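Order of listing sets the numbers, starting from 1, for every ligand and every atom in it. Owing to the predicted nature of the structure, the values given are computational and were not obtained by experimental measurement.
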Amino acid sequence: MFGSRKNVLAVDVGSSAVKILEVHRDRDDLVITGFSRVDVASDTNRADAIGECLKRGKFGGKRTVTAVSGKAVITRFLTMVRMSHEELQRAVAFEAEKYIPWPIEESQIDAVSLGDVQSQDPNAPPEMRVLVVAAKKSHVTDHAQMMVDHGLLPLAIDVDALALATAFEIHGRVTGSPPPQGAIALVDIGSSKTIVNILSGGTTRFVREVDMAGSDMTQAVSRKLAVEPFEAERIKCGPGDRAADIEDAIGPTLSDLGNEISLSLDYFEHQGEGTVEMVYLSGGGSLAPTVAESLERATGKKTQTWNPIEGLKVHGSRLDVDELNARAASLAVAVGLAAREV
Ligand SMILES: Nc1ncnc2c1ncn2[C@@H]1O[C@H](COP(=O)(O)OP(=O)(O)OP(=O)(O)O)[C@@H](O)[C@H]1O
Ligand SMILES: [Mg+2]
């Protein structure tokens, strides 16, 4: 029943851990049929971690959706004259050249219309808001090759920040939560980066990656408690009676992160596209103590965590459901990849 072409592996190669979800898709239904997660000890053993993760997961199929992120991926929002999808793909190459710090021929560019823009001037030609994603070709092909090297068949390569938004949309659908009124910010605190994706009317309107996340909290703990990073990581994730020490140690990092997020929210709001009503947290880094309170204080916005696998069906015979639930916060990108149409 779960061995058909409708199975997909969602492979999230995070900077601290590889997470793979195997899902079975049947019409609108998404069933998690496999899960595995392996730490990435360093950049050099990323490929090994993928191999180990695949081995442990004992997955059936090869059909894979994965994502890229970081400095080799650029996301821009432009206002352009209204045109067809085909015309847009051609036109956007010229536009993108202005924003890409590497030669245009080394870029993979995708553009999608986010809908019409209301102009003040009734005689102006109709315009639309456009999301442009440009990635360095070599980065995308290297990532795809890494999948192929492990015997996988990459069907699509997404971007972490956009997969995050897909996961949130799925969450709303399967939990029956009413779509948020106004704008909301998704904030995924990983290990090396924090993604900020601001949605308005369910559509991504702003994306930014902040180079500050869980590993900065670990370093702060390591300095404050004068312990090795490995030990700091262990104490951070299970502080026991040292919770007050951890809160103390990570306070300045959370305050800096909160300020960076505030800058993004302010930037978005000054563009006149709405007011951010809520901040929704995910990512392993969101599990550290006092994160929601600290970010709420820094941003002045109501802040809460959400569970990316809440409401999804789980077919538990081949996976460790407790482990899946314990890691749920860090699975937003993987869920978004799993839900992507391919
Ligand atoms: N219980 C916990 N308390 C505090 N921090 C935690 C906890 N569990 C995980 N983390 C932190 O979450 C981070 C990993 O989260 P996640 O898996 O979302 O990141 P990643 O995808 O590997 O990184 P990135 O998205 O930056 O590439 C690590 O910094 C880890 O220390
Ligand atoms: Mg991540």
Report every pair formed by an N or O atom of ligand 1 and a protein N or O atom separated by less than 3.5 Å, giving atom names and the distance to 0.1 Å.
from	atom 1	to	atom 2	distance (Å)
ligand 1	10 (N)	Gly284	O	3.2
ligand 1	12 (O)	Gly284	O	3.4
ligand 1	12 (O)	Gly285	N	3.0
ligand 1	15 (O)	Gly284	N	3.3
ligand 1	17 (O)	Lys19	NZ	2.8
ligand 1	18 (O)	Gly284	N	3.0
ligand 1	19 (O)	Ser191	N	3.3
ligand 1	21 (O)	Lys19	NZ	2.8
ligand 1	22 (O)	Ser15	N	3.4
ligand 1	22 (O)	Ser16	N	2.9
ligand 1	22 (O)	Ser16	OG	2.7
ligand 1	22 (O)	Ala17	N	3.2
ligand 1	22 (O)	Lys19	NZ	3.4
ligand 1	23 (O)	Ser15	OG	3.3
ligand 1	23 (O)	Ser191	N	3.0
ligand 1	25 (O)	Lys193	NZ	3.0
ligand 1	26 (O)	Ser15	OG	3.4
ligand 1	26 (O)	Ser191	N	2.9
ligand 1	26 (O)	Ser192	N	2.8
ligand 1	26 (O)	Ser192	OG	3.3
ligand 1	26 (O)	Lys193	N	3.0
ligand 1	27 (O)	Ser15	N	2.7
ligand 1	27 (O)	Ser15	OG	3.0
ligand 1	27 (O)	Lys193	NZ	3.3
ligand 1	31 (O)	Glu233	OE1	3.2
ligand 1	31 (O)	Glu233	OE2	2.5
ligand 1	31 (O)	Lys236	NZ	2.7

Audit row: Arg208, Glu260, salt bridge (Lys or Arg N to Asp or Glu O under 4.0 Å) steps and yes/no
CA-CA 10 Å; Arg208 188 177 161 214; Glu260 287 295 328; 2.6 Å; yes
Could you tell me if Arg205 and Ser200 have a donor-acceptor pair between their side chains, going purely by distance under 3.5 Å?
no
Which residue, Thr141, Asp149, Asp142, forms the side chain to side chain donor-acceptor pair (under 3.5 Å) with Gln145?
Asp149
Ring centres under 6.0 Å, that's the criterion: do Phe77 and Phe206 meet it?
no
Under a 4.0 Å N-O cut-off, is there an ion pair linking Arg56 with Glu52?
yes
Only one of Asp188, Asp160, Asp211 passes salt bridge (charged side-chain N to carboxylate O under 4.0 Å, His left out) with Lys193; say which it is.
Asp160
